[in-house]
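Structure, as structure tokens:
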Amino acid sequence: METRVLPYSSQAIAEAARVILAGDPVAVPTETVYGLAADATKAQAVARIYEAKGRPSFNPLIVHVPDLTSAERIGEFDERAHELAKHHWPGPLTLVVPLREGSGIASIVTAGLSTIGIRVPAHPAMQDLLRAVGRPLAAPSANASGSISPTRAEHVLKSLSGRIPLVIDGGATERGLESTIVAATDGSLRLLRLGPLEIEAQHASGERIEAPGQLESHYAPSKPLRLNANEAAADEYLIGFGEIAGDSSLSPSRDLVEAAVRLFDLLHEAEASPKRRIAIAPIPDVELGAAINDRLRRAAA
Ligand code: TXA
Ligand code: MG
């Protein structure tokens, strides 16, 4: 795949919107770092982000929206979250709030969680793109897994050239540091990631700072999960793959993108079934399969 680089302009944004609506991710500057953006309502498009980054696991992604009104369509803001949002948006603050019922956000975005990380970015390129696409955009930092976050289009190319179709070049980002993440899910405010903003509440009560991608940010089914299962025991709901049909299948045709797209939906389905346990067929440990297996191992642990 050839990676095109277009300097930020209204034509470039129109082209980026077209690519995103066709289901491919686009690298775009925000005021913090460059993000790799895809339509957050389309699981297939979000799976492409993981493919491009070679990300070894599914972590919940931040969803970007143009304003607080759009944010309130996908998340539930209590008074304190609302206050923070009003004060800091648009800007380098991500709020983790309960996911709103019927939000339309694909489950791969939240990695199956019932909460969602939302941000209203300040950079005009990302703002223009959000308005041009008219959908919430999931966007992790636009770098291959294991490399550092990109603050220039050249950094994006260094790790993702040939893996994504388009980069919008808006020059160096202003902040150069990923957004501050605050969770407002249970009436209190908790700092999940340090970032460019000093949030008053963060130092208030000596609360432990949780490393991103840990603890509550990982959905685990409430039932025991058995991996590499070739058949189901009597009390098991079997999630199939390929020739193993199971009660439902991640992908009868062994398509790893389809499997990634269906993973969290099927885990939730298995959890809701009357069976007391969950079993899951072997998934090849390559490409997106490696990310799926990593996620499953952690869910099973
Ligand atoms: O500045 C930024 O935030 C950049 C730009 C592109 O907006 N984005 C970014 O995304 O840093 P990413 O995917 O690299 O980081 C997302 C972080 C992860 O550490 C994840 O654990 C946390 O956000 N996160 C997202 N949703 C969450 C949730 N529901 N609960 C807890 N943590 C969440
Ligand atoms: Mg990152």
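Both counts, for ligands and for their atoms, begin at 1 and track the order of listing.
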**Request:** Consider every N or O of His64 and every N or O of ligand 1, then say whether any pair is closer than 3.5 Å.
**Result:** yes
**Request:** Heavy-atom contacts with Leu113 under 4.0 Å: which atoms of ligand 1 show up? List them by number with element.
**Result:** 28 (C), 29 (N), 30 (N)
**Message:** Given Leu197, which partner from the list Thr180, Ile181, Leu84, Leu191 fulfils the side chain to side chain contact (heavy atoms under 4.5 Å, CB included) test?
**Reply:** Thr180
**Request:** With heavy atoms of Ser179 as the reference, note each atom of ligand 1 found under 4.0 Å away.
**Result:** 1 (O), 2 (C), 3 (O)
**Item:** Pair Glu72 + Arg100, salt bridge at N-O below 4.0 Å
**Value:** no
**Test salt bridge (charged side-chain N to carboxylate O under 4.0 Å, His left out) applied to Arg4 and Glu15, step by step** = CA-CA 11 Å; Arg4 286 179 301 154; Glu15 178 59 11; 2.8 Å; yes
**Prompt:** What pairs of residues pass the salt bridge (charged side-chain N to carboxylate O under 4.0 Å, His left out) test when at least one of them lies in residues 231-259, not counting sequence neighbours?
**Reply:** Arg226-Glu236, Asp235-Arg276, Asp235-Arg277, Glu243-Arg254
**Message:** Please classify the Ala139 to ligand 1 contact at 4.0 Å (heavy-atom distances, strictly less than): side chain, backbone, both or neither.
**Reply:** backbone
**Message:** At less than 4.0 angstrom from any non-hydrogen atom of Arg193, what atoms of ligand 1 do you find?
**Reply:** 2 (C), 3 (O), 9 (C), 11 (O), 15 (O), 17 (C)
**Prompt:** So, do Ser179 and Arg193 sit near enough that their side-chain heavy atoms are less than 4.5 Å apart?
**Reply:** yes
**Complete:** Quick note on ligand 1: atoms under 4.0 Å from a heavy atom of Glu178 include exactly 1 (O), 11 (O), 14 (O)
**Ligand-side contact atoms (ligand 1) for residue partner Gly117, heavy atom cut-off under 4.0 Å** = 26 (N), 29 (N)
**ligand 1-proximal atoms of Ile116, by part, heavy-atom distance under 4.0 Å** = backbone
**Prompt:** Name the one of Arg119, His64, His123 that satisfies side chain to side chain donor-acceptor pair (under 3.5 Å) with Thr30?
**Reply:** Arg119
**Prompt:** Which ring-ring contact (aromatic ring centres under 6.0 Å, His included) pairs, counting each pair once, include a residue from residues 23-51, with sequence neighbours left out?
**Reply:** Tyr50-Phe58
**Asked** Hey, which of Thr94, Val97, Val96, Leu95 is the one that makes side chain to side chain contact (heavy atoms under 4.5 Å, CB included) with Val182?
**Response** Leu95
**Item:** Enumerated ligand 1 atoms positioned under 4.0 Å from heavy atoms of Thr115
**Value:** 28 (C), 29 (N), 30 (N)
**Contact atoms of ligand 1, heavy-atom distance to Ile181 under 4.0 Å** = 17 (C), 22 (C), 23 (O)
**Message:** When you compare ligand 1 with Asn59, is there at least one nitrogen or oxygen pair between them that comes in under 3.5 angstrom?
**Reply:** no
**Message:** Go through it in stages, so that I can follow the logic: the residues are Thr151 and Arg175, the test is side-chain hydrogen bond (donor to acceptor under 3.5 Å, both in side chains), and I'd like the CA-CA distance, side-chain angles, deciding distance and then a yes or no.
**Reply:** CA-CA 8 Å; Thr151 56; Arg175 303 279 191 159; over 6 Å; no
**Item:** Heavy-atom proximity to atom 10 (O) of ligand 1, best of Pro98, Pro140, Ala111
**Value:** Pro140
**Complete:** Check: of Pro60, Gly112, Ser114, min heavy-atom distance to atom 33 (C) of ligand 1 comes from Pro60
**Asked** Between Tyr34 and ligand 1, does any nitrogen or oxygen pair lie at a separation below 3.5 Å?
**Response** no
**Prompt:** Out of curiosity, Ile108 CD1 to Ile105 CD1, how far, rounded to the nearest 0.5 Å?
**Reply:** 13.0 Å
**Prompt:** Can you find a non-hydrogen atom of Val96 under 4.0 Å from ligand 1?
**Reply:** yes
**Asked** By number and element, which atoms of ligand 1 are closer than 4.0 Å to a non-hydrogen atom of Leu192?
**Response** 31 (C), 32 (N)
**Prompt:** Pick from Leu266, Ile239, Leu238: which one makes a side chain to side chain contact (heavy atoms under 4.5 Å, CB included) with Ile280?
**Reply:** Ile239
**Request:** Could you tell me if any non-hydrogen atom of Pro92 lies under 4.0 Å from any atom of ligand 1?
**Result:** no
